[in-house]
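Each ligand, and each atom within it, is numbered from 1 in the order the structure gives.
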Amino acid sequence: MLTAAELPELVKRILAAQPVVDMHTHLYPPTFGSSGPDGLMLWGLDDLVTYHYLVAEVFRAVPATKFPYAQFWAMNKSERADHIWKHLFVERTPLSEACRGVITTLSKLGLEPGVKSLTSHRQWFREQDPNDYIGRVMELANVESITMTNAVFDDHERGRWLAGITSDPRFTGVLRFDSLILDWPTAGKKLAAWGYAVAPELTETTISEAKRFLNEWCDRVTAIYCAVSLPPEFRSSEILESIVLPVCAERNVPFAMMIGSRRGVNPELRDAADTGGLASVEAVTSLCQRFPNNRFFVTMLARENQHELAVAARKFGNLMPFGCWWFLNNPSLIDEITRMRIELLGTSVIPQHSDARVLDQLIYKWDHSRTAIGRVLTEKYSDLLTAGWPLTTAEIERDAKQFLKGNFLEFLRG
Ligand code: RAT
Ligand code: ZN
C-alpha cells in the first residue's frame, strides 16, 4: 500500500511518463510553411519571444506613450524579440507565466536562459530542421498527438488546403469557423463567392448548402471535432442550431465552444488585443439539454464561470469541460480550477490543453501544467489515503492516462 510520503515523487513521475494528446493548439506541421511571413508553422526563438502574451507584457514595461505601437510593428520579428528580451528578461525579472515559459523552454532544450543577447541562440535554432525539430519537441514535452485549429475563414490557410496538404500523422485537424456563427452576413457572402447557393436569409436551400460547406470542409481537414470561440454575451444562434449542430450530430463529432473571449479591445496590440468576460453557463446547459445527440467540449475564459460549468457537467453527460484557457493558464488558477473540478467531477474532466501557438511552447505549457495538476492530485490522493482507500500505483497511472489523453479520445468516440 502507498503512503502519503511517497506521493509527491510518484505522482510527478507518473504524470511525466504519461504521453499527452493535446486537444487544442494553434500549431501546424511544416507542410503549411515553416518559414517566412506566410509560414503557418511557428517555431523557434523569435516566435517564442514574440508570443502575443509577451507583446502585451512588453507594452506594460515600455508603454505606447514611450514606444509607439507603430514603431514596434515596424520592426522585424528578430528586432521585436530583442526589444521584448531587453525589457522583460534583462531589465526586469521574467516572473510572469509567459516569461517563465520561455525560460523553461530554453532550459529544457539545453540552452542557457540567462543571456543578455539572443544572437547565439538564434543561430542554434537556425540550424534545426523544422520537421525533425517537431519530433524533438514532442519528445521533450511528452506529447503524442497535436490537435490543430483549422480556421476555414482564414484565406491564407484555406488556400493551403485547397492547394493540397499531405497529412502529417503527428497532427489532427479541427474545423474552426467563428464567423459562421458570429457574422453570418460576411460568412454567407464568402460561402456564396465559393460556390455555395446561400442567401442572407436562412432558407431551406441556404441551410442545406451551408451544411454541404461544413461537411466538405470537415472531410478536407479530417476534422475530429468542430470548434468556435464565442463572446461573453453568446446565448445561441439559429445557424448553430439549424446548421452546425445537425452536421456535428450526423458526423458524430463533438462541438467545442470556447466561451468568453472579447476580441480586439485594444486593436493596436494585434494578436494580443483580446480580453475576456463573464459568460452564461445557462446558455451551455440549454444547448446540452435541447441537443442530447450532440456532444459539447466547453471551456470558458472567466474564472467566475468555472464552478457553474463544473456543476453543469454533473447534469449533462454530453458536456465535457476542458482546459484552463488562455488567461486562466496560470499555475494559481490551474490549481484552483483543477481542484474544484476533481472535487465535483472526479476523473471525468480534461484538465488541460496547451493552446500553444509556437511549437516550442509545448515544452513549457505541459511541464508547468503537469506540475500544477500533480500538486492537486498529490493532495487529493493523500486525502483519500487518510480516508482509508488502499490506493495503488496502477490507479494513479490509470487516472493520469484518463486526464492527459483518455477522456478526450473517449469523448471524441462518443
Ligand atoms: O490562447 C490564445 O492564444 C488565444 O489567442 C486564442 O487563440 C484562443 O485560444 C482561441 O483559440 O481563440
Ligand atoms: Zn486557442
Side-chain angles (χ1 to χ4, degrees), residues 20-28 32 40-43 47-59 84 96-99 101-102 105 143 146-154 156-157 171-183 221 223-234 254-277 279 296-303 305 321-330 333-334 337 350-366 368-369 408:
V20 169
V21 175
D22 195 342
M23 71 163 286
H24 172 64
T25 78
H26 298 268
L27 303 177
Y28 296 87
F32 286 81
L40 287 177
M41 174 187 167
L42 302 185
W43 67 284
D47 283 323
L48 253 184
V49 177
T50 57
Y51 184 32
H52 69 77
Y53 293 27
L54 293 169
V55 169
E57 289 173 30
V58 83
F59 276 105
I84 290 173
S96 76
E97 176 62 9
C99 283
V102 177
T105 306
V143 167
I146 299 173
T147 314
M148 296 182 278
T149 298
N150 302 114
V152 66
F153 288 105
D154 177 304
H156 180 50
E157 176 164 357
F171 291 77
T172 52
V174 163
L175 197 68
R176 170 91 172 240
F177 42 77
D178 298 2
S179 60
L180 186 72
I181 289 175
L182 298 177
D183 184 7
V221 312
I224 57 172
Y225 66 84
C226 291
V228 292
S229 159
L230 299 160
E233 57 275 10
F234 165 79
F255 180 58
M257 297 189 289
M258 310 177 62
I259 313 172
S261 53
R262 170 133 7 257
R263 302 291 176 188
V265 286
N266 181 359
E268 303 268 27
L269 289 171
R270 300 197 183 174
D271 277 355
D274 311 337
T275 189
F296 298 89
F297 284 124
V298 177
T299 198
M300 299 184 86
L301 199 45
R303 176 191 190 180
N305 280 134
F322 75 94
C324 298
W325 181 29
W326 202 343
F327 309 114
L328 298 177
N329 190 352
N330 294 307
L333 295 164
I334 299 173
I337 294 167
I350 298 169
Q352 193 56 309
H353 64 274
S354 77
D355 232 312
R357 272 178 187 268
V358 182
L359 174 75
D360 325 47
Q361 291 170 339
L362 288 175
I363 299 172
Y364 91 78
K365 298 239 185 196
W366 282 110
H368 293 187
S369 287
F408 172 56

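- A donor-acceptor pair under 3.5 Å is absent between the side-chain atoms of Asp47 and the main chain of Val358, judged by distance alone.
- Counting heavy atoms from C-beta on, the side chains of Val102 and Leu54 come closer than 4.5 Å.
- The only option from Phe255, Trp325, Phe408 that meets the ring pair (Phe, Tyr, Trp, His ring centres under 6.0 Å) definition with Phe297 turns out to be Phe408.
- Remark: the backbone N or O of Asp22 is paired with a side-chain donor or acceptor of Thr147 at under 3.5 angstrom.
- Relative to the ring axis of Tyr53, Lys365 places its NZ or CZ within 45° and under 6.0 Å from the centre.
- Side-chain contact check for His26 versus Asp355: some heavy-atom pair is nearer than 4.5 Å.
- Between Phe171 and Leu27, the closest side-chain pair of non-hydrogen atoms falls below 4.5 Å.
- In this structure a side-chain-to-backbone donor-acceptor pair under 3.5 Å is missing from Ser261 to Gly276.
- For a heavy-atom separation below 4.0 Å, the residues in contact with ligand 1 are His24, His26, His52, Tyr53, Arg176, Ser229, Met258, Arg263, Trp325, Trp326, Asp355, Arg357.
- Near the Zn ion (ligand 2), less than 2.8 Å away, sit the protein N, O or S atoms His24 NE2, His26 NE2, Asp355 OD1.
- Although no hydrogens or angles enter the test, the distance criterion places a donor-acceptor pair under 3.5 Å between the side chain of Thr299 and the main chain of Phe322.
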